[in-house]
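In the text below, chain A, chain B and the rest are named by the order of the sequence lines, each starting its count at 1. Just so we're clear, the structure is a prediction, and the values are computed from it rather than from any experiment.
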Amino acid sequence: MPLKSLSHPYQGYSYAFLDEAAKRELRRTILKSIAIPGYQVPYASREVPFARGWGTGGLQATLAIIGPKDSLKVIDQGDDDSVNAANLRRFITSMTGVSTTTDTQKASLIQSRHRIPEEILDTYQTLVLQVPMPEPLRSVEKSRAVAQQMHADADYGLMWLKLYEQMVRYSQITLGTGYPSLVHGRYVMDPSPIPRWDVPKLHQARHLTILSAGREKRLYAVPPFTEVRPLEFDDIPYRVEDQKDWHCGKTGLKSKFMNELPKDDGSSSYEISDSGYVEKYLRQKEGESIRFAKPYYDDDGKFYRDDVFRELKDD
Amino acid sequence: MNLSLEPITLEPPRLVLEKPLLEAHKLNIYYGKLHVVADVSLELYRAEVLGVVGESGSGKSTLLRLLNLQEDVDSGDYHLAIEGYKANNLFALDRFAKREVQTRHIGIVYQSPHLGLRMHASSSGNVAERLIIAGERRYSALREAAKSSLAASEFPLERMDDLPRKLSGGMQQRVQLAKAIALKPELLLLDEPTTGLDVSVQALVLDTLKRLQRELGIAMIIVSHDLGVIRTLADRIMVMRHGQVVELGLADQVLEDPQHPYTQQLVHAKL
Ligand SMILES: Nc1ncnc2c1ncn2[C@@H]1O[C@H](COP(=O)(O)OP(=O)(O)O)[C@@H](O)[C@H]1O
Ligand SMILES: [Mg+2]
């Protein structure tokens with residue numbers, strides 16, 4: 001067999017933009033992050049033709065693991081059509097030739113900023129989340145070195161104190177996005193700035209989640225079937241955003257994460273944030289036959305697993 | 001004549017029967033060439049109060065930091081008769097075990113509230129943190145424990161959720177005290193707890209300390225350069241100079257009949 005048949009033909013750039021050494025380092029980093037769930041693994045964040053803060057961390061993770069057979073979905077705040085998502089999608093496809101989709105179910109690789117789609121992801125799928133600030137302890141400990149020591153010691157007292165202080169001041173926990181969560185009973189992570197609505201989706205998920213921060217040069221992962229528990233007091237259960245009475249203006253659906261759109265008269269209308277889901281729903285309504293995966297939250301807002309949300313028993 | 005009296009059982013004094021709570025042997029620490037704590041040995045019994053006096057820079061605070069396992073010694077060993085650690089030289093424990101001993105068995109109050117309190121957390125939060133570290137995860141239990149500790153140190157409960165920096169000096173010391181006793185430690189270390197307070201406030205805080213000591217039966221080491229403070233609390237007095245112990249004895253003995261010239265000087269200056 002001639003050597004030539006074993007290598008791909010010469011091309012002016014390497015597949016998926018990053019050079020092979022960079023990809024190899026990233027893949028090693030990803031493997032390490034999977035081996036130590038929730039642990040922030042440092043990596044040498046490369047230059048990519050995007051500004052830091054625009055998803056360069058997620059992009060590098062995507063480029064390191066993408067292959068020609070992948071089907072790619074890129075979303076920003078749940079939206080396939082935002083400028084940032086469109087830019088990233090165009091760049092990735094032009095560097096890899098992969099096909100793209102807005103249908104969550106058809107995507108093998110999903111790069112996302114700030115959201116997890118509403119349909120339950122499965123084992124064939126990988127979710128890459130763009131992370132601006134990976135350090136959950138930053139709000140309670142300014143020094144990175146000290147924070148690292150605290151992670152090493154699993155010393156998360158200050159995180160709990162923060163929750164205590166919020167209860168004292170506001171009678172509720174006001175942390176919105178990026179709710180600190182304990183992964184595999186060991187490391188507290190900042191689950192990127194996804195809303196509280198999305199955090200339970202990571203618990204015992206069937207898919208792999210990679211979280212990557214390009215500017216901060218750290219990457220961490222939630223492997224499939226891993227415990228992810230938001231920090232909660234025993235007597236104050238974790239709650240997601242209260243959107244019970246909100247109906248999506250486009251679909252009439254409820255119990256999916258909504259964006260609130262202020263109207264001129266001061267009231268608000270609502271719209272499901274997962275634009276791919278809306279698109280599928282509307283096409284189905286017009287008579288197309290569409291395949292949906294089961295959603296994480298059903299139409300009554302009930303989560304698909306029953307070991308996540310606790311009701312307090314009165315005694 | 002029938003002298004069939006009940007046989008008298010003679011009890012030896014308590015201190016002879018009991019093992020000390022704290023035994024520290026030949027502690028030494030150098031900062032560079034400076035021998036800050038020099039061959040200091042001491043014992044402390046349960047419910048006993050040891051007063052430590054000495055001029056500024058004589059190594060008192062450093063000694064307390066050593067006993068609080070905050071710093072490593074250069075030589076010496078240190079035992080506390082507490083569950084699970086009776087056989088250990090505490091200086092030889094690993095970081096985790098040290099933290100465990102520190103949170104569960106030792107309380108400390110510093111002269112400066114900035115050393116002892118988190119200024120950005122509420123007063124009750126400062127106390128609750130001890131219980132959080134000890135693994136308490138019920139918010140209601142944290143509240144209750146913070147409340148009862150603060151009440152025990154006679155802190156006005158309507159201000160329990162105020163930030164420490166909004167409190168007066170005396171109240172800050174009471175928050176430190178509540179934090180220190182939150183987990184009912186066997187040993188309480190007090191580093192100039194009333195220095196810098198108004199005399200009247202100082203007297204009130206000392207009253208609280210005295211009451212707590214009686215009620216909880218807690219062993220205390222109180223550092224002060226003020227013999228008056230020491231006199232009101234201490235059973236025994238240890239006098240330090242240049243890192244060394246120059247005199248150690250019962251409070252009355254040391255105050256009435258000081259042996260070392262330095263102590264004589266101190267006592268006379270005070271009188
Ligand atoms: N962290 C430190 N580094 C260097 N020298 C120190 C340090 N802490 C204290 N010292 C020195 O050690 C000596 C004893 O200090 P300290 O224990 O604070 O005395 P005291 O509490 O009796 O006033 C002093 O000379 C002081 O300057
Ligand atoms: Mg001092």
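- Counting heavy-atom pairs closer than 4.5 Å to chain B, the top residue among A:D153, A:L158, A:D155 is A:D153.
- For B:E186 (side chain) and B:A219 (main-chain N/O), no donor-acceptor pair under 3.5 Å exists by modelled atom type.
- The pair A:D198-A:R115 counts as a salt bridge, with a side-chain nitrogen and a carboxylate oxygen less than 4.0 angstrom apart.
- Heavy-atom neighbours of A:R305 CZ from other residues, nucleotides or ligands within 6.0 Å: above the threshold of 12.
- Electrostatic pairing of A:E118 and A:K201 counts as a salt bridge here, judged by a charged N lying under 4.0 Å from a carboxylate O.
- By the ring-ring contact (aromatic ring centres under 6.0 Å, His included) test, A:Y156 is found to be paired with A:H151, residues two or more places apart in sequence or in another chain being considered.
- Using non-hydrogen atoms only and a strict 4.5 Å limit, the part of residues 219-238 of chain A facing chain B consists of A:F233, A:D234, A:D235, A:I236.
- Applying the 6.0 Å contact sphere to NZ of A:K244 captures no more than 12 heavy atoms from other residues, nucleotides or ligands.
- Residue B:L131 does not touch chain A at all, counting heavy-atom pairs closer than 4.5 Å.
- B:A121 touches chain A through backbone and side chain together, each having a heavy atom under 4.5 Å away.
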* Could you walk me through whether A:K256 and A:D274 pass the salt bridge (charged side-chain N to carboxylate O under 4.0 Å, His left out) test, one step at a time? => CA-CA 8 Å; A:K256 302 287 172 286; A:D274 183 346; over 6 Å; no
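- Pairs engaging residues 62-79 of chain B under the salt bridge (Lys or Arg N to Asp or Glu O under 4.0 Å) rule: B:R65-B:E71, B:D72-B:K98 [sequence neighbours left out].
- Applying the side-chain hydrogen bond (donor to acceptor under 3.5 Å, both in side chains) test between A:R144 and each of A:Q149, A:E216, A:E135 identifies A:E216 as the sole match.
- Side-chain contact annotation: B:S124 with B:R143, donor-acceptor N/O pair under 3.5 Å present.
- By the 6.0 Å contact criterion, CD on B:E158 is enclosed, its count of non-hydrogen atoms from other residues, nucleotides or ligands being greater than 12.
- In this structure, chain A has a heavy atom under 4.5 Å from the side chain of B:F96, while its backbone stays farther away.
- Heavy-atom neighbours of chain B within the stretch residues 160-194 of chain A, taken at a separation under 4.5 angstrom, comprise A:W160, A:L161, A:Y164, A:E165, A:M167, A:V168, A:R169.
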